[in-house]
There are 2 protein chains.
Amino acid sequence: MRPMAERARAQLRAEALDVAEELVVAGRFGMPELASRLGVSRQTLYNEFGDRHGVTSALVLRSTERFLDGIEAALAGERDLHAAWVAAVAAALHRAADEPLLKALLTGDSDVLGAEPIVVAARDRAAAYLRRTWPELENVDLAAETAARLTVSHIGLPLAPPEVIAEQVATVVVRTCARR
Amino acid sequence: MRPMAERARAQLRAEALDVAEELVVAGRFGMPELASRLGVSRQTLYNEFGDRHGVTSALVLRSTERFLDGIEAALAGERDLHAAWVAAVAAALHRAADEPLLKALLTGDSDVLGAEPIVVAARDRAAAYLRRTWPELENVDLAAETAARLTVSHIGLPLAPPEVIAEQVATVVVRTCARR
DNA sequence: CCGTAGACAGATTGCTGAAGAGTGTCCAGA
DNA sequence: TCTGGACACTCTTCAGCAATCTGTCTACGG
């Protein structure tokens with residue numbers, strides 16, 4: 001396949017997922033609607049994504065990757081372990097508040113997928129980052145999973161402002177993995 | 001009101017909630033059905049509970065109180081702080097697995113109520129118990145809320161056997177509140 | 001080769017009206 | 001004090017039907 005065609009394909013995929021996200025959030029997602037909004041034929045979508053589920057799963061995949069990238073960037077943006085977790089949790093809370101699709105995934109208000117893949121992926125990426133950046137820590141896997149679960153819990157059931165939540169989760173996580 | 005009548009009332013309430021729980025779990029809850037299964041008139045139920053919502057909320061209240069009583073008993077049954085939390089979390093996991101109504105409440109698969117009242121009540125009772133029994137601990141409220149949220153998270157999304165989960169949650173909670 | 005338009009059967013969804021059941025309240029009677 | 005029955009109202013259920021959507025195929029055009 002020639003570079004130009006490939007670039008066009010990637011561009012189409014990206015634009016398709018953008019529009020698909022709008023439609024899913026609006027509750028109007030469908031292949032005919034998506035095709036007409038993109039100005040392409042329905043058949044082109046089937047060629048690119050296989051079927052309807054191919055579109056939705058690609059959309060979920062992209063959303064979770066962006067979500068986790070944002071969290072890892074926040075984690076990496078601070079030198080202090082506690083500050084890093086405050087930033088990461090705050091980033092997660094704000095992103096979940098901004099993106100309805102993400103919040104639906106994390107709280108289970110969706111027919112697409114459950115929260116499990118995101119929690120597992122977040123745990124694994126956070127644990128890998130911790131091991132890479134602070135090798136002297138202990139209980140790294142437990143701390144990472146705790147961070148993921150507590151954050152998701154606070155997204156679904158917020159009892160305090162995001163800054164307070166971030167501070168609390170960071171405290172728990174740091175005390176879990178800090179050597180004493 | 002005479003003692004006998006009062007005892008009869010309490011007995012009716014208890015039996016009504018027993019049957020109501022069966023019916024809710026079976027998805028067949030209704031006032032006519034409940035009355036006929038109890039052998040009383042519909043009117044008696046309305047006199048006792050006010051309305052349909054009065055029955056369901058009384059049922060939820062009883063379930064959560066039993067649930068929290070069981071957890072607090074498990075907490076109080078061990079001398080070591082870590083062992084106490086292992087026992088408490090394990091008790092919560094097993095109870096949630098056994099009682100469909102409870103699990104539906106905690107995972108949000110219910111039209112009755114959300115998990116918020118249970119989480120808040122569990123947090124408050126656990127915090128009070130900790131303060132009473134181990135006055136030297138720090139971060140007591142944070143530790144109690146963490147225990148509640150992590151346990152609920154593991155009920156809705158179990159990734160390990162109950163014993164492992166209980167051990168992990170206990171480790172996090174103890175490290176959160178243990179003075180170093 | 002690649003995308004489009006159109007057609008197609010089968011499945012899914014939305015609607016609508018009728019029937020039934022449930023809710024909450026009242027009252028007469030045991 | 002509880003019961004049985006009656007009541008108006010709402011809510012769910014269900015069948016049938018129309019519309020739409022899905023996934024695939026084919027013919028056409030740059």
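To find a chain, count down the sequence lines: A is the first, B the second, and so on, and within it residues start at 1.
Atom CZ of A/Phe29 is separated from atom P of D/dT20 by 18 Å (rounded to the nearest Å). Rounded to a whole Å, the CG atom of A/Leu23 is 11 Å from the P atom of D/dT22.
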Are there any protein N/O atoms within less than 3.5 Å of an N/O atom in nucleotides 4-13 of chain D, and if so, which ones and at what distance?
| unit_1 | atom_1 | unit_2 | atom_2 | d |
| --- | --- | --- | --- | --- |
| D/dA6 | N6 | B/Arg42 | NH2 | 3.1 |

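Checked against side-chain hydrogen bond (donor to acceptor under 3.5 Å, both in side chains), B/Thr107 has the following partners two or more places apart in sequence or in another chain: B/Asp109. Remark: B/Pro135 engages no residue in a side chain to side chain contact (heavy atoms under 4.5 Å, CB included) (not counting sequence neighbours). Scanning for side-chain hydrogen bond (donor to acceptor under 3.5 Å, both in side chains) contacts around A/Arg149 gives A/Glu145, B/Ser153, B/His154, with sequence neighbours left out. In this view, B/Gln168 satisfies the side-chain hydrogen bond (donor to acceptor under 3.5 Å, both in side chains) rule with no residue, not counting sequence neighbours. In this structure, the side chain to side chain contact (heavy atoms under 4.5 Å, CB included) partners of B/Gln43, at least two apart in sequence or on a different chain, are B/Ser41, B/Tyr46, B/Asn47. Taking B/Arg52 as the reference, nothing meets the side-chain hydrogen bond (donor to acceptor under 3.5 Å, both in side chains) condition, with sequence neighbours excluded. Judged as a salt bridge (Lys or Arg N to Asp or Glu O under 4.0 Å), and not counting sequence neighbours, B/Asp51 has no contacts.
Proximity of residues 45-52 of chain B to DNA chain C (heavy atom under 4.0 angstrom from any strand atom) is restricted to B/Tyr46, B/Asp51, B/Arg52. Near DNA chain D, defined here as any heavy-atom distance below 4.0 Å, there are no residues from residues 30-38 of chain B.
Legend: salt bridge (charged side-chain N to carboxylate O under 4.0 Å, His left out) pairs involving residues 10-27 of chain A, not counting sequence neighbours, sorted by first then second residue: A/Arg13-A/Glu48, A/Asp18-A/Arg62, A/Glu21-A/Arg62, A/Glu22-A/Arg37.
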Show every donor-acceptor pair shorter than 3.5 Å between a side-chain atom in residues 79-87 of chain B and any protein atom, with sequence neighbours excluded, or say none if there are none.
| unit_1 | atom_1 | unit_2 | atom_2 | d |
| --- | --- | --- | --- | --- |
| B/Asp80 | OD2 | B/Ala83 | N | 3.2 |
| B/His82 | NE2 | B/Glu167 | OE2 | 3.3 |
| B/His82 | NE2 | B/Thr171 | OG1 | 3.4 |

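Within 6.0 Å of CZ in B/Arg131 there are more than 12 heavy atoms belonging to other residues, nucleotides or ligands.
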